[in-house]
Amino acid sequence: MHQVIDWLRTVPLWQAALVFLAKNALVLVLAVALGEWLVRRHAHRRVAPEAPPLQREEWVLATVCVVLNSVVTFTGLLLWREGLIRFRLDGGPGILVDVLVLVGVMDLGMYLLHRTAHLPLLYGWLHAPHHRYERARPLTLFVLSPLEVLGFGALWLAVCVAYESSWAGMLLYLVFNTLWGVLGHLGVEPFPDGWVRWPGLRAVATTTFHARHHLDLAHHYGFYTLVWDRLFGTLAPDYEVSFARSQVVPPEPLAPPQPSQPK
């Protein structure tokens, strides 16, 4: 670990930028590969309609997301070199505490940002690109508008500045964040049928939870838990009843009636 820290402290910035870009590209590849494997493994438990063939815009937005995530990582390096971001090297139970703190704070922050992004004045240019693909697939996790990527990145950096976590706690949180993002965009439900009946676990967000959001924009703004949706009244009343069941695609809007032509 000390060797990694020494490298981060002394590496030329252009080399760090290339390494961060390669790292974020690898994250995308591994996340999509894991997601597609889970989709095949749980294909019999589809909770959202199957996604249509990939479109060029999805790959473009995902590529931009990788680049901007690398920019966020690079900014974090600069903040650390300036002493604004600090982290500890200790181990033990403190790591678990750090992960719980980071998950809790980010869950609230992302709920608030996500719900703000759905405001009519912001939705069209901030969040609509993600919801253009209501039939989600693992790659959809990375299909975001550039401003949204930077918004979530800024939230993460702000939390890192405000809270001195352990190095291991930060790393485990980032792994958890990617894993939960993949699970949310599978379109199939890998969680067992009894999940929503088990105390404690029923508060954890599932694939059904986020698949419902892609088809019903008025509910389910949380990321890791249902806590804030329950508290602020944005949890769909029939969520538990509909768990692991196929979600309904909103009907296509009817075309306005055409005036009759005189004969």
Side-chain angles (χ1 to χ4, degrees), residues 27 30-49 92-115 130 135-138 140-141 152 155-156 159 163 165-166 168-248:
V27 168
L30 293 178
V32 172
L34 172 63
E36 293 296 340
W37 178 78
L38 289 170
V39 169
R40 292 192 298 270
R41 182 177 178 83
H42 299 280
H44 61 291
R45 302 187 74 220
R46 180 157 288 280
V47 296
I95 295 176
L96 178 58
V97 173
D98 291 333
V99 173
L100 292 176
V101 170
L102 292 174
V103 169
V105 173
M106 288 296 293
D107 193 37
L108 173 59
M110 290 196 292
Y111 173 90
L112 295 174
L113 282 182
H114 190 190
R115 193 165 179 185
H130 184 66
R135 303 185 180 196
R137 68 176 103 244
T140 309
L141 169 63
F152 285 123
L155 173 64
W156 168 240
V159 171
Y163 179 73
S165 170
S166 61
M170 295 170 68
L171 180 61
L172 288 174
Y173 166 77
L174 292 173
V175 172
F176 171 82
N177 176 64
T178 302
L179 175 61
W180 226 252
V182 171
L183 291 173
H185 294 88
L186 293 178
V188 299
E189 185 55 81
F191 293 88
D193 290 332
W195 187 271
V196 293
R197 296 192 297 272
W198 296 339
L201 292 181
R202 64 196 296 263
V204 176
T206 62
T207 303
T208 303
F209 174 82
H210 196 69
R212 173 69 172 268
H213 174 70
H214 271 262
L215 300 171
D216 174 10
L217 304 186
H219 297 96
H220 298 186
Y221 301 106
F223 279 76
Y224 313 130
T225 75
L226 281 60
V227 171
W228 309 112
D229 285 283
R230 289 188 188 279
L231 182 62
F232 296 116
T234 53
L235 182 68
D238 62 341
Y239 164 66
E240 293 189 0
V241 175
S242 66
F243 174 73
R245 297 182 182 179
S246 181
Q247 305 299 298
V248 178

Heavy-atom check, side chain of Tyr239 versus side chain of Val196, under 4.5 Å: yes

Distance, nearest 0.5 Å, that separates OG1 of Thr140 from CZ of Arg135: 12.5 Å

Sub-4.5 Å side-chain heavy-atom contact between Pro192 and Trp198: yes

Proximity of Phe223 and Phe152 rings by center, below 6.0 Å: yes

Phe209 vs Leu235, side chain to side chain contact (heavy atoms under 4.5 Å, CB included): CA-CA, chis, key distance, verdict: CA-CA 9 Å; Phe209 174 82; Leu235 182 68; 3.8 Å; yes

Stepwise side chain to side chain contact (heavy atoms under 4.5 Å, CB included) test for Leu102 and Leu172: CA-CA 10 Å; Leu102 292 174; Leu172 288 174; over 6 Å; no

Heavy atoms from other residues, nucleotides or ligands near CZ of Arg230 exceed 12 (cutoff 6.0 Å): yes

Stepwise side chain to side chain contact (heavy atoms under 4.5 Å, CB included) check, Asp238 with Arg212: CA-CA 11 Å; Asp238 62 341; Arg212 173 69 172 268; 2.9 Å; yes

Min side-chain heavy-atom separation Met106-Val159 under 4.5 Å: yes

Flag side-chain contact, heavy atom, 4.5 Å: Val182 against Leu141: yes

Gly109 versus Leu155, closest heavy-atom pair with distance: C-CD2, 3.6 Å

Test item: Tyr163 and Val105 side chains (from C-beta on) under 4.5 Å apart, heavy atoms: no

Derivation of the ring-ring contact (aromatic ring centres under 6.0 Å, His included) call for Tyr221 and Phe232: CA-CA 10 Å; Tyr221 301 106; Phe232 296 116; over 10 Å; no

Minimum heavy-atom distance Val99-Gly169, with the two atoms named: CG2-O, 3.7 Å

Validation row: Val188, His44 side chains within 4.5 angstrom (heavy atoms): no

Nearest-0.5 Å distance, CG of residue Leu174 to CG of residue Leu179: 12.5 Å

Between His220 and His214, ring centroids under 6.0 Å: no

ring-ring contact (aromatic ring centres under 6.0 Å, His included) evaluation trace for Phe191 with Trp180: CA-CA 12 Å; Phe191 293 88; Trp180 226 252; 5.8 Å; yes

Least distance between heavy atoms, Pro190 atom then Arg45 atom: C-NH1, 3.9 Å

Atom pair CG (Leu186) and OG1 (Thr206), whose distance is rounded to the nearest 0.5 Å: 10.5 Å

Minimum heavy-atom distance between Ala48 and Ala211, given as atom pair plus value: CB-CB, 4.1 Å

Residue pair Tyr111 / Thr234, side-chain donor-acceptor N/O under 3.5 Å: yes

Within-4.5 Å side-chain heavy-atom neighbours: Asp229 and His213: no

Donor-acceptor pair, side chain of Thr207 and main chain of Gly187, under 3.5 angstrom: no

Test salt bridge (charged side-chain N to carboxylate O under 4.0 Å, His left out) applied to Glu36 - qualifying residues, sequence neighbours left out: none

Interatomic spacing from CG in Leu100 to CD1 in Ile95 - rounded to 0.5 Å: 12.0 Å

Backbone N/O of Thr208 and side chain of Glu189: donor-acceptor pair under 3.5 Å: yes

Closest approach of Val204 to Trp195 (non-hydrogen atoms, all atoms of both residues): O-NE1, 3.7 Å

Aromatic ring proximity, centroids under 6.0 angstrom, His130 and His185: yes

Within-4.5 Å side-chain heavy-atom neighbours: Asn177 and Tyr224: yes

